[in-house]
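To start, the structure itself, in structure tokens.
Since this is a predicted model, take the numbers as computed values, not measurements. Just so you know, ligand 1 is whichever comes first in the structure, and atom 1 is the first atom listed for that ligand.
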Amino acid sequence: MREQESIRSIKGIGEKTEKLLAKLGITTVGDFLRYYPREYDEYTEPIGVSQVTVGKKCAVIGRIVGKVGVNSTGRFVIVTASLKEENSVLQLTWYNMPFLRNTLQSGGVYVFRGMVVNKNGRSIMEQPEIFGREDYKELLHSLYPIYGLTKGLTNKFMVKTMHRILENKEIIQDYLPEEYRNNYKLAEYNYAISQIHFPKDRKDLLLGHRRLVFDEFLLFILAIRMMKEKTQDTRNSFQIKPVWDTENIIDALPFPLTNAQKRVWNEIEKDMTGHTLMSRLVQGDVGSGKTIIAFLAMLLAAFNGYQAALMVPTEVLAKQHYKEMEKLLEQHKLPLKVTLLTGSNTAKEKRERYAQIASGDVKLIIGTHALIQEKVEYDNLALVITDEQHRFGVHQREDLSKKGTKPHVLVMSATPIPRTLAIILYGDLDISVMDELPAKRLPIKNCVVDNSYRPKAYHFIQKQVEEGHQVYVICPMVEESEGLEAENVIDYTQILKEALPPNIVVAYLHGRMKAVEKNKIMEDFAENKIQVLVSTTVIEVGVNVPNATVMMVENAERFGLAQLHQLRGRVGRGDAQSYCIFVQGGKDVQTKERLEILVKSNDGFQIASEDLRLRGPGDFFGIRQSGLMEFKIADIYQDADILKEAGEVAGTILSLDMDLSLPQHARLKDRLLSYSKEKMEMPGI
Ligand code: ADP
Ligand code: MG
């Protein structure tokens, strides 16, 4: 079995399963191996009956007292047994497993593992797994993987299939030369993969994790540095001069630019009219007003007779930017045309738009990665901007740059990365920081609550909608997934529909929907045809609906704080007071303390570093790390040290072998190519 092979080559995977797996972004054996668990279930030290806590999953050791009972309710056969320790009693219950009557011995000692609930004042463990004492010892401290699923797939299937693939030893020959592995104390790749799925214990998981994080950074850095021929010091062959029109547009804006916006705009203008090509990263917190700066740069190119392209990660965002640009052109009666290129264009639309672009008739081009399809030919492209770039492999930008003479490059990002790390990740990009939010914005009011607050929250949502506003509700999952206790978009939408009056339209949005469906929902939301939008973090990327004033995040503890901060940037964009309700699953005090940082601070950098301080390195269990920059497993904050090491290794490799043509780098090169493809095809959350 090879990693490039289709998953159909795995025994037991047919057409139906193939389709289901495709929803998770898995099409090859390698994809399957790199589908990492969302969390782990640990086989913890068994406790005694008196130490059991209601509401928690645990392993309990005890002797069965009395008889093993069997009752039939007509619908179910229920097997019951009891464990006793001094004054504490724990009842065990199984549904529809009558055979247990013969397996479980009265007076026998076992380890039972399951969730403990309270029913009528009694502690009951429901459907526990059963282990012999010795059998459990073997499992002790190992971790059982829990995968994100889609309807029709079970965790058991994922585990079984993963085992099956891993049995083929060394599917992937390690592509990292041994000397680096030794120097940086990195685990071998196959070992790392096997430990990330089936860790012997936490220590081995950390080892595996470290290696995979390293790889993810290394590939990212190599991809950027290799594809980017140094634009710095490349002569600017475009004849671009400052124009009055951009100044007029700035003067006519309904708001004054912030000082940070003015400074960054000056930097960009200077770059584009200067002697060398621009290669600049603009970092600005959510809501700092990056879009208008991007537009000004595009217009500057267009007024000088050149084309400018703006690439964004989602169709929804592309459409939104397109409309805003159109409005701006109309408002100023500018003789410039803008066009939209996305995957859902019809064949006819595509033909027409390609022709307009090729002839130079259209100067402003906005779109998704449809912008870099083979068939798009630009007339005289002078500027490429990617907005919210953390959603793509940066090399896509490079593909776009290759479409003409090398253009100016501008990258916009809301991810608050410390400068030192940004330099490692992006190499020789110049960095502008927009460290100021527009004045006069009312700060968002935040609160951290537990589930019991929900009725109040729904009431508040209803009131806000009745006042004409709109609401986002964020859930960590798309749909129900066994073993993962977190709210999901599909079921939650139903719950909200029932909780809110029927005249309030509730709809949902997630990354597994088709692009046209997503567009429709987002358009309807922008036009207030939908008042409450239940969504995964797909919404995080740049969408601007100023009328939305409430964001409620379910299972907020499952997100990194920096990501929550970006999420809340979707509200507080208009004149009205906005609110953020972070709902914490459970009542853990430390979790609450961590989330409270969001209440105290509104500074992306500070939030990210506080989050790191509180969580401490190595605490990556259960929190979604991949939110920022679309890393699957790496976390730029938590893994900053590994990032630095990966930067060093990338530097060494490239200084020896700029295009990875040496034989010892052949496998690394292959991996890099498939990595770049994976990045492009990564499905939404
Ligand atoms: P982001 O930096 O997150 O991309 P946007 O460009 O989407 O932010 O801007 C967020 C909102 O702020 C938009 O509605 C935009 O019109 C508005 N805005 C931008 N600049 C200013 C400013 N200087 N003063 C007031 N509002 C502004
Ligand atoms: Mg934006």
Side-chain angles (χ1 to χ4, degrees), residues 246-247 249-266 268 280-299 310-328 331-332 366-368 385-392 410-417 431-444 469-470 472 522 525-526 537-549 551 562-578 580 602-605 607 628-629:
T246 50
E247 299 308 308
I249 290 171
I250 293 172
D251 286 343
L253 286 173
F255 45 74
L257 291 185
T258 63
N259 287 327
Q261 281 171 314
K262 281 184 204 154
R263 191 182 66 235
V264 174
W265 167 237
N266 281 337
I268 293 170
R280 183 173 291 279
L281 167 70
V282 174
Q283 268 194 6
D285 216 341
V286 277
S288 59
K290 294 184 289 295
T291 315
I292 184 67
I293 301 301
F295 282 8
L296 288 171
M298 291 176 80
L299 290 166
L310 171 62
M311 180 158 74
V312 300
T314 65
E315 290 209 6
V316 168
L317 197 53
K319 211 158 201 175
Q320 187 183 299
H321 283 343
Y322 168 78
K323 282 198 176 144
E324 274 171 37
M325 179 64 100
E326 221 179 16
K327 219 168 73 192
L328 198 64
Q331 189 194 337
H332 291 270
I366 296 177
T368 57
I385 306 178
T386 60
D387 189 17
E388 308 291 353
Q389 124 303 331
H390 62 277
R391 288 269 164 168
F392 313 78
L410 189 62
V411 178
M412 306 254 177
S413 171
T415 309
I417 316 172
I431 302 175
S432 297
V433 182
M434 290 222 302
D435 49 3
E436 191 184 346
L437 291 180
K440 281 200 341 202
R441 269 241 188 100
L442 288 171
I444 299 169
H469 297 301
Q470 287 164 278
Y472 295 104
M522 240 7 259
F525 188 66
T537 54
V538 279
I539 211 69
E540 165 200 334
V541 193
V543 179
N544 190 28
V545 180
N547 191 43
T549 55
M551 171 167 285
Q563 189 176 17
L564 287 172
H565 177 63
Q566 281 197 0
L567 272 170
R568 81 170 151 191
R570 297 309 115 217
V571 296
R573 296 181 152 248
D575 300 330
Q577 175 66 54
S578 287
C580 235
N602 194 33
D603 175 335
F605 277 90
I607 288 170
L628 293 173
M629 300 191 62

> Gly284 near ligand 1, heavy-atom distance under 4.0 Å?
Replying inline: no

> Going by the atom numbers of ligand 1, which of them fall below 4.0 Å from some non-hydrogen atom of Thr258?
Replying inline: 23 (N)

> Is it the side chain (CB and beyond), the backbone, both or neither of Pro256 that lies under 4.0 Å from ligand 1, heavy atoms counted?
Replying inline: backbone

>> Under a 4.0 angstrom heavy-atom cut-off, which atoms of ligand 1 come close to Val286?
In response: 3 (O)

>> Within this structure, what is the OG1-CD distance for the pair Thr258 and Glu436, rounded to the nearest 0.5 Å?
In response: 4.5 Å

>> Only heavy atoms of Ser288, strictly under 4.0 Å: list the atoms of ligand 1 that pass.
In response: 2 (O)

>> Tell me whether Asp575 at atom CG has more than 12 heavy atoms from other residues, nucleotides or ligands lying less than 6.0 Å away.
In response: no

> ligand 1 and Lys290, any nitrogen or oxygen pair closer than 3.5 angstrom?
Replying inline: yes

> How many angstroms lie between atom CG of Leu317 and atom NZ of Lys319, to the nearest 0.5 angstrom?
Replying inline: 12.5 Å

> Can you tell me if Lys290 uses its side chain to pair, donor with acceptor, with the backbone of Asp387 under 3.5 Å?
Replying inline: no

> Which atoms of ligand 1 are found less than 4.0 Å from any heavy atom of Thr291?
Replying inline: 4 (O), 5 (P), 6 (O), 7 (O)

> Just heavy atoms, cut-off under 4.0 Å: does Gln261 contact ligand 1 by side chain, backbone, both, or neither?
Replying inline: side chain

>> Taking 4.0 angstrom as the limit and counting only heavy atoms of Leu257, give me the atoms of ligand 1 inside it, by number and element.
In response: 23 (N)

>> Counting only heavy atoms, tell me which of Gln320, Arg573, Met434 gets closest to atom 10 (C) of ligand 1.
In response: Arg573

> What are the atoms of ligand 1, with element, lying closer than 4.0 Å to any heavy atom of Asn544?
Replying inline: 13 (C), 14 (O)

> Would you call Gly287 a ligand 1 contact, heavy-atom distance under 4.0 Å?
Replying inline: yes

> Once you round to the nearest 0.5 Å, how far does CE of Met551 lie from CD1 of Ile444?
Replying inline: 8.5 Å

>> Ring-plane angle category for His321 and Phe295, please: parallel below 30°, perpendicular beyond 60°, tilted otherwise.
In response: perpendicular

> Does a side chain donor of either His565 or Asp285 reach within less than 3.5 Å of an acceptor in the other side chain?
Replying inline: yes

